[in-house]
Trainee: 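I'd like to ask some things about the structure below.
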Amino acid sequence: MRNVTTGDVTMTTTQRRRPELAAFLRSRRARVTPADVGMAPGLRRRTPGLRREEVAQLSGVGVTWYTWLEQGRPINASSQVLDAVARTLRLEPPEREHLYRLAEVPFDPGPQPPAQRVRTEVQCVLDALDPNPAAVYNARYDILATNAAFRDLFHVPRMPEDAVPNALWTLFTLSPDACPLVHPERELPVMVATLRSHYGRHVGEPAWEDFIRVLSAASPYFAELWASGEVIPPGPRVKTFRRLSGEELRTTVVSLSIDGMPECRIVAYTPESENPAP
């Protein structure tokens, strides 16, 4: 177990998290009033917010167990119990995740609806990167926003409000001579393997299953790559593209996460330096 050193005191990560968990639960309990959970306020209430026994009762757990949890004692908590406590304390999604992290319980946010629109400030970032191509992708390679340089390089048309272009669909259904990738035999397998790395969070979701089924029917090559089962996490890469003029552009590809847009990223394509610094 990893140790954390503070001055002359060395403690494990678990030992450090317990006091944080205790303080977090006390602060969340203090802000929930009896009226918030449909309880009468009662007389002589000195505790701000709910009492410990009230949280335990509303969460369906023992008073002693919840007291020990809030005291930071070394007890184990299941995801079901933490979910019940989170509902009682009216935790927002980021707070629920924080509770799980402090309790050292694996956190599963559940299916996330795919983002379809980007904020104005994100579009401004894309535009500021011009003349370098840049776009916003979600985990399924839907293209949610672009700048002018990206549209020129990838021949992405301006789509109507209710239609979202998809990079994989475009690349696998274009004729070979129209594909902007100079080395599709190297790049397309990596993109499909990256798609599969995200797919694990979305198995069984109709939008994902339909997308894979329809693209597999439209492109035997995609179907072959998908059936291989390869998995590669996203990461920086070097890609070479061919402009409409025939000029080749060798780029370094970097992905940046976007606050408030789960599983979406800004992907920027910058010219690779011919003489990189050591």
Side-chain angles (χ1 to χ4, degrees), residues 114-160 163-199 211 215 219 221-222 225-226 230-278:
Q116 296 297 334
R117 297 288 180 266
V118 302
R119 302 187 301 274
T120 301
E121 59 267 29
V122 176
Q123 182 64 56
C124 289
V125 172
L126 298 181
D127 293 338
L129 290 168
D130 201 280
N132 295 321
V136 173
Y137 291 107
N138 64 14
R140 205 167 53 229
Y141 281 100
D142 290 336
I143 305 171
L144 306 183
T146 62
N147 63 10
F150 182 94
R151 292 190 293 274
D152 290 342
L153 182 61
F154 292 94
H155 330 311
V156 177
R158 291 188 178 277
M159 305 293 288
V164 179
N166 180 275
L168 283 173
W169 181 271
T170 299
L171 293 171
F172 276 98
T173 58
L174 277 174
S175 61
D177 59 335
C179 181
L181 291 170
V182 173
H183 302 292
E185 74 285 353
R186 293 205 305 252
E187 302 304 337
L188 292 180
V190 171
M191 293 181 70
V192 174
T194 302
L195 177 73
R196 186 175 282 280
S197 74
H198 295 295
Y199 172 71
F211 173 76
L215 184 50
S219 170
Y221 185 37
F222 173 83
L225 293 174
W226 184 255
E230 294 294 327
V231 177
I232 297 176
R237 292 184 56 79
V238 174
K239 292 186 178 183
T240 305
F241 299 96
R242 183 179 295 105
R243 298 183 184 274
L244 286 174
S245 63
E247 174 192 4
E248 292 188 1
L249 175 64
R250 186 175 171 86
T251 67
T252 298
V253 186
V254 177
S255 297
L256 307 170
S257 61
I258 306 172
D259 289 341
M261 295 184 69
E263 296 192 6
C264 292
R265 61 199 189 278
I266 293 175
V267 179
Y269 303 80
T270 58
E272 186 188 30
S273 173
E274 294 183 2
N275 297 295

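We use all heavy atoms of the structure for the numbers below, so side chains are in, but hydrogens, waters and symmetry mates are not.
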Trainee: Return the set of residues passing side chain to side chain donor-acceptor pair (under 3.5 Å) with R242 (not counting sequence neighbours), or none when no residue passes.
Mentor: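 With sequence neighbours excluded, R242 shows a side chain to side chain donor-acceptor pair (under 3.5 Å) to no residue whatsoever.
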
Trainee: Apply side chain to side chain contact (heavy atoms under 4.5 Å, CB included) to the pair Y137 and D142, showing each step before the final yes or no.
Mentor: CA-CA 5 Å; Y137 291 107; D142 290 336; over 6 Å; no

Trainee: Does the pair T240 and R250 meet the rule for a side chain to side chain contact (heavy atoms under 4.5 Å, CB included), with working shown?
Mentor: CA-CA 4 Å; T240 305; R250 186 175 171 86; 3.7 Å; yes

Trainee: Is V190 close to R186 at the side-chain level, that is, under 4.5 Å between some pair of heavy atoms?
Mentor: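 Result no, sub-4.5 Å side-chain heavy-atom pair not found.
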
Trainee: For residues P189 and V192, determine if any side-chain heavy atom of one lies less than 4.5 Å from a side-chain heavy atom of the other.
Mentor: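 No, side chains not in contact.
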
Trainee: Decide yes or no for F150 and L126: does some side-chain heavy atom of the first lie under 4.5 Å from some side-chain heavy atom of the second?
Mentor: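 With C-beta onward as the side chain, the pair stays apart.
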
Trainee: Just how far is it from atom CG of D259 to atom CZ of R119, taken to the nearest 0.5 Å?
Mentor: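 Going from the CG atom of D259 to the CZ atom of R119 covers 7.0 Å.
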
Trainee: Are any non-hydrogen side-chain atoms of S219 and L168 less than 4.5 angstrom apart?
Mentor: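 With C-beta onward as the side chain, the pair stays apart.
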
Trainee: Between L195 and A139, which heavy-atom pair has the shortest distance, and what is it?
Mentor: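 Scanning both residues completely, I find the closest heavy atoms to be CD1-O, 3.7 Å.
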
Trainee: Has N147 got a side-chain atom pairing as donor or acceptor with N132's backbone, closer than 3.5 angstrom?
Mentor: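 Flag set: sc N147 to bb N132 pair under 3.5 Å.
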
Trainee: Nearest 0.5 Å please: distance from the CG atom of L225 over to the CD atom of E230.
Mentor: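 Answer for the CG-CD pair, L225 versus E230, is 9.5 Å.
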
Trainee: Does the ring of Y269 carry R237 above it, NZ/CZ under 6.0 angstrom from centre and within 45° of its axis?
Mentor: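 No; the conditions do not both hold, so R237 does not lie above the ring face of Y269.
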
Trainee: Please report whether the ring centroid of W226 lies less than 6.0 Å from that of F172.
Mentor: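 Here the rings of W226 and F172 have centres that are no less than 6.0 Å from each other.
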
Trainee: At their closest point, which heavy atom of L174 faces which heavy atom of C179, and how far apart are they?
Mentor: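 Smallest heavy-atom distance, with atoms named: CD1-CA, 4.0 Å.
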
Trainee: Roughly how far, to the nearest 0.5 Å, is the CZ atom of R151 from the OG1 atom of T146?
Mentor: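 T146 atom OG1 to R151 atom CZ measures 4.0 Å (nearest 0.5 Å).
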
Trainee: Minimum heavy-atom separation for D177 to S175, with atom names?
Mentor: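 In this case the closest contact between D177 and S175 is OD1-OG, 2.6 Å.
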
Trainee: How long is the span from the OG1 atom in T173 to the CG atom in L215, to the nearest 0.5 Å?
Mentor: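 Those atoms lie 7.5 Å apart.
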
Trainee: About how many Å separate CZ of F154 and CZ of R243, when rounded to the nearest 0.5 Å?
Mentor: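 Between R243 CZ and F154 CZ, I get 10.0 Å after rounding to 0.5 Å.
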
Trainee: When rounded to the nearest 0.5 angstrom, what distance separates CG in L249 from OG1 in T270?
Mentor: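 Here the rounded value is 9.5 Å.
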
Trainee: Taking the inter-plane angle between the rings of F222 and F211 on a 0 to 90° scale, is it parallel (under 30°), tilted (30 to 60°) or perpendicular (over 60°)?
Mentor: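 Answer is perpendicular, since the angle exceeds 60°.
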
Trainee: Between R265 and I258 (side chain of the first, backbone of the second, donor and acceptor by atom type, cut-off under 3.5 Å), is there such a pair?
Mentor: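 No.
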
Trainee: Which atom pair, heavy atoms only, marks the closest approach of T251 to F241?
Mentor: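 Taking every non-hydrogen atom into account, OG1-CE1, 3.5 Å.
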
Trainee: State whether the side chain of S255 and the backbone N or O of V267 hold a donor-acceptor pair below 3.5 Å, judged by distance alone.
Mentor: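 Between the backbone of V267 and the side chain of S255 there is no qualifying donor-acceptor contact (under 3.5 Å).
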
Trainee: Are M261 and L144 side-chain neighbours, meaning at least one heavy-atom pair lies under 4.5 Å?
Mentor: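 M261 vs L144: side chains touch.
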
Trainee: Answer yes or no: is there a side-chain heavy-atom contact under 4.5 Å between L171 and P180?
Mentor: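 Yes - at least one pair of side-chain heavy atoms lies under 4.5 Å apart.
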
Trainee: What's the shortest heavy-atom distance between Y221 and L188, and which atoms?
Mentor: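 Scanning both residues completely, I find the closest heavy atoms to be CE2-CD1, 4.0 Å.
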
Trainee: How far apart are the closest heavy atoms of A149 and D130, and which atoms are they?
Mentor: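 Looking at all heavy atoms of both residues, the closest pair is N-OD2, 2.9 Å.
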
